[in-house]
Amino acid sequence: MRFWLIKSEPDVFGFAELMRRGREPWNGVRNYQARNFLRDMREGDLCLFYHSNARPPGVAGVARVCRAAYPDDLQFDSGSSYFDPKSDPAQPRWSMVDVEPLVAFPALVTLEALRRLPDWADSPLTRKGSRLSVLPVTSEQFWDVLDAAGLSLEDLNGVPA
DNA sequence: GCCAACGTTGGC
DNA sequence: GCCAACGTTGGC
């Protein structure tokens, strides 16, 4: 099992919305590096759900990958802002995964709090100017954040140790 | 293949 | 709303 961080703007789609829906395709990623990380995801991987462009920004909860990468349908939808006319249906350029909510944090673990965690000092997330919307995190980084949220493995329902 | 112009991200 | 940082585009 691997760990990731995925960004979303809460004004557009926040963790609470994921809780309401129960499951959601993680579409609209249009950056090659982020796409490649999506393609590395496996069912069961855990994702820190990060609220960007928010006041304050931070991690709102944990989601689980419930379907590995498959073609993002919005790339072929000419009415979508994520439409990509250069994408070949025979070899789709963009991918998405499905995620489901696992646990909502009692309180946001803010970016400011993340910056104080030693394991997060050299992350693309905390580095100035980084815009990567899907990134791998180490298990140390993941459990640091869980700890900062006041949670532990037992709170991650059904996740094997 | 270079690089200037442009659009977007995202913290503040 | 500002603007720094970054990725992409397209002329040459």
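What you are looking at is a predicted structure, and each value in this text was computed from that prediction instead of being measured. Convention: sequence-line order gives letters A, B, ...; per-chain numbering from 1.
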Legend entry - Side chains of A:Glu112 and A:Thr110, donor plus acceptor under 3.5 Å: no
Legend entry - A:Arg115 and A:Thr126 side chains, donor-acceptor separation under 3.5 Å: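 Side-chain D/A pair, A:Thr126 to A:Arg115: absent.
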Legend entry - hydrophobic_cluster_shared for A:Trp94 and A:Leu74, side chain cutoff 4.5 Å: no
Inset, instruction - With heavy atoms under 4.0 Å as the rule, sort A:Arg115 into base, sugar-phosphate or nothing. - result: sugar-phosphate
Inset, instruction - Walk along DNA chain B from 5' to 3' and tell me the first and last nucleotide with an atom closer than 4.0 Å to a non-hydrogen atom of chain A. - result: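 Endpoints of the contacted stretch of DNA chain B: B:dG7 to B:dC12.
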Legend entry - 5'-most by nearest nucleotide on DNA chain C - A:Lys86 or A:Asn53: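 Final value for this comparison: A:Asn53.
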Inset, instruction - Give a yes/no verdict on a cation-pi contact between A:Arg67 and A:Tyr70, requiring under 6.0 Å between NZ or CZ and the six-membered ring centre and an angle within 45° of the axis. - result: yes
Which atom pairs, donor and acceptor, lie under 3.5 Å between side-chain atoms of residues 48-64 of chain A and protein residues at least two apart or in another chain?
unit_1: A:His51; atom_1: NE2; unit_2: A:Phe15; atom_2: N; d: 3.0
unit_1: A:Asn53; atom_1: ND2; unit_2: A:Glu9; atom_2: OE2; d: 3.3
unit_1: A:Arg64; atom_1: NE; unit_2: A:Glu100; atom_2: OE2; d: 3.2

